[in-house]
Number of protein chains: 2
Amino acid sequence: MAHNPITVELIRTLDAIDRHGSFAAAAEHLHKVPSALTYTLQKCERDLEIKLFDRSGHRAEWTEAARHILSEGRRILVAMENLGHSAQRLAQGWTTQYVVALDHLLDFEQIVPLLTRAHEDIPWVPVHVRQGTLSGTWELLLEHEADLVVAPLHSKPDAGNIETRPIGTIRMVLAVARDHPLAAVDRPLTEDDLLPYPVVTNQDTARQITPLTAGLRQRRQQLLVPDMSTKILAQKRGLGIGFLPMHRIQQEVLGGDLILKSLASNDQEREMTLVAGWRQGDSDKTHHWMLEHLELLSIN
Amino acid sequence: MAHNPITVELIRTLDAIDRHGSFAAAAEHLHKVPSALTYTLQKCERDLEIKLFDRSGHRAEWTEAARHILSEGRRILVAMENLGHSAQRLAQGWTTQYVVALDHLLDFEQIVPLLTRAHEDIPWVPVHVRQGTLSGTWELLLEHEADLVVAPLHSKPDAGNIETRPIGTIRMVLAVARDHPLAAVDRPLTEDDLLPYPVVTNQDTARQITPLTAGLRQRRQQLLVPDMSTKILAQKRGLGIGFLPMHRIQQEVLGGDLILKSLASNDQEREMTLVAGWRQGDSDKTHHWMLEHLELLSIN
DNA sequence: AGATGATTTCAAAAAGACTGAATAAACGGA
DNA sequence: TCCGTTTATTCAGTCTTTTTGAAATCATCT
């Protein structure tokens, strides 16, 4: 009564019977004698007060209950198998998973080489990717919802003990739609040129940290969009203007859907330093592996 | 080597230690002696070649691996527990789940009393609801994707051994939007009156059975919509005309958003018989319970 | 320092699982 | 129809694993 009558041995036994077709064959593969199986099965039948096999005929016929125990039980078996392995990995210093938070500035595409390599080298660690915008990305790190952040350095909050390593730069360019009035202006643009048009801005996904809003900040009319893909789309449709990461709009620029504009007041260098960031002190093997393979995140 | 070193006993042991704070207390609750726990833990530590507890201090400290085995292991424990129960229910003649297919003509609302009652009376059987339209609903039954169908009798296919029981009628009414030209016509409508306007029709979800299309069939311009809610919406917006189930448009009629129209040629009785249908021969306890509680599906 | 409580060690006991020979029942080919 | 073969069960005895209890170790508290 106190104990669960479904045992691992029972599931193994059912599994072997199913695989090999008869008690006798199953027993052989389990390195047991047929009567040992009978023993295991009958114990469960007694405890659970159900029939596992219909013994009226020559060969025992599966009951629905037994089939059900087998099919569900197999899942349990693999879960236990995996649990053993993941516990070993954990003891060896690996983590059970690893979460990379990508700023929306970056394309998912760019993390694929890292994911692929991780899957080859350390297949026992599932690597997940999350996306965030501006401070929101870093927030994931501080809240332990991510283990590695890839984002522009300037969005990094001062708080928290975060270590970073530069991994490249991203050029932000002012781009407008093909049919936008500014597209026709044939000279470096001034602040006054820009003033009349709404600015497309990324919404900061941060909930705790004071949100940042990057780009042409002091303007009035804003179109807040949730991520970079939407921002590119919005600007392509002429809904507003704003800075876009050059590497994500190559196609649009070549195709003429987006027109690059230069600014007269070149006060701001529009090269952003991209960094990988992590919590100071993280030192498991997964993390080390990641730091050693950061170059796979290369920004071209 | 051949056997998984993670055992149910191990998980139970870890669970008890976690619950009661010390090996000694845990042992007492497990009706064992402390050294028995030591034995279980050390066996796993030896097999898996990991440490479950850090014994350097006075009291043993959990390792990360042990915590992981416990938290994942608890899931496994409840899964095994459930498996035992569901096997017993199955042997007693209950099913592991039950799927009701509702024709889109009906509101999900109307099956709630049945679901509620099932949850009270036979909580061990999860009841699922699927929606389908016209022959598609019946198809789910024949393909064993549903165990009970609630749909208009006329849409029932001849093929297949299906038993039915009437559970009510639904009045289908011709309704047009408030600002539809027909709304202003102050007399029973003729076929010719209707001819100029597109008809909103439900798309049959059937993939195998020859699809039916209900309603004003012989007309040309059709707007095919996926379900009844969409159809009501479409007609409310004046996108077309068609018959709607009276009980689903009470609000709209009272509010004047939809106007009821009568037909001059009253050849077709627009009362539909609603039936519950099931595969002949189904005779498990779940099914019997359902048949005994069909009145909860009352159509008002 | 001594008492307390937690945990481990180890030999012996108990419980549980497995074996093997005997039995029964059903198939299948001659 | 008969006989050899295969399938599964029963049961008593054996072997393995788990559990026990007494003694030992060690850290903490008084």
Side-chain angles (χ1 to χ4, degrees), chain A residues 1-63 65-67 70 73 77 80 84, chain B residues 1-63 65-67 70 73 80:
Chain A
M1 263 293 102
H3 267 242
N4 189 325
I6 303 264
T7 64
V8 171
E9 236 357 79
L10 172 73
I11 302 174
R12 280 218 189 84
T13 304
L14 290 177
D15 179 66
I17 295 173
D18 179 54
R19 272 184 214 291
H20 304 112
S22 73
F23 287 22
E28 181 165 359
H29 285 265
L30 290 171
H31 307 294
K32 290 184 186 178
V33 119
S35 57
L37 305 206
T38 304
Y39 170 78
T40 306
L41 297 174
Q42 286 185 347
K43 179 158 57 65
C44 172
E45 291 185 317
R46 213 162 356 89
D47 293 352
L48 225 40
E49 298 180 293
I50 64 175
K51 288 246 139 312
L52 256 18
F53 289 89
D54 172 11
R55 275 97 157 170
S56 59
H58 176 35
R59 309 171 59 108
E61 300 275 346
W62 289 76
T63 62
R67 288 245 92 103
L70 175 57
L77 246 38
M80 294 187 78
Chain B
M1 266 289 103
H3 269 244
N4 190 326
I6 303 267
T7 64
V8 171
E9 238 355 81
L10 172 73
I11 302 174
R12 278 216 191 84
T13 304
L14 291 177
D15 179 65
I17 295 172
D18 178 54
R19 271 183 216 290
H20 304 110
S22 75
F23 288 20
E28 180 164 359
H29 285 265
L30 291 171
H31 308 292
K32 289 184 186 178
V33 118
S35 57
L37 304 206
T38 303
Y39 169 80
T40 306
L41 297 173
Q42 287 185 345
K43 178 157 58 66
C44 172
E45 292 185 318
R46 209 157 4 85
D47 292 352
L48 225 41
E49 298 179 293
I50 64 175
K51 289 245 141 309
L52 256 17
F53 289 88
D54 172 10
R55 275 99 158 168
S56 60
H58 177 36
R59 308 172 60 108
E61 299 276 346
W62 290 76
T63 63
R67 288 245 93 102
L70 175 58
M80 294 186 78

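Given the structure is predicted, the values throughout are model-derived calculations rather than measurements. Below, read A as the first sequence line, B as the second, and so on, with proteins coming before strands; counting in each chain starts at 1.
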Self-check item: Side chain of A:Ala24 (C-beta onward), nearest among D:dT7, D:dT10, C:dT8
Solution: D:dT7
Quiz item: Could you write nucleotides 18-30 of chain D as a row of B, S and -, 5' to 3', where a protein heavy atom under 4.0 Å of any base atom gives B, of only sugar-phosphate atoms gives S, and otherwise -?
Solution: BBBB-----BS--
Quiz item: Who passes ring pair (Phe, Tyr, Trp, His ring centres under 6.0 Å) against A:His29, sequence neighbours left out?
Solution: A:His20
Quiz item: In a check of side chain to side chain contact (heavy atoms under 4.5 Å, CB included) between B:Thr13 and each of B:Thr7, B:Leu41, B:Asp18, B:Thr38, which one passes?
Solution: B:Leu41
Quiz item: Who pairs with A:Glu28 by side-chain contact (heavy atoms from CB on, under 4.5 Å), at least two apart in sequence or on another chain?
Solution: none
Self-check item: Value in whole Å for how far the C1' atom of C:dA17 lies from CG of A:Leu10
Solution: 14 Å
Quiz prompt | Euclidean distance, atom CD of residue A:Glu61 to atom P of C:dC27 [Å, nearest integer] | solution = 10 Å
Exercise. Starting at atom CG of A:Leu52, determine the distance to atom C1' of D:dA8, rounded to an integer number of angstrom.
Key: 15 Å
Self-check item: A:Gln42 CD - C:dA17 C1' separation (whole Å)
Solution: 14 Å
Quiz item: Could you state the CZ-P distance from B:Phe53 to C:dA6, rounded to the nearest angstrom?
Solution: 15 Å
Quiz item: Which part of the nucleic acid, if any, lies within reach of B:Thr38 when heavy atoms closer than 4.0 Å are counted: base, sugar-phosphate only, or nothing?
Solution: base
Quiz prompt | Euclidean distance, atom CZ of residue A:Arg59 to atom P of D:dA8 [Å, nearest integer] | solution = 6 Å
Exercise. Using atom CD of B:Glu28 as one end and atom P of C:dT7 as the other, report the distance to the nearest whole Å.
Key: 13 Å
Exercise. Please tell me if the side chains of B:Trp62 and B:Leu52 come closer than 4.5 Å, counting only heavy atoms from C-beta onward.
Key: no
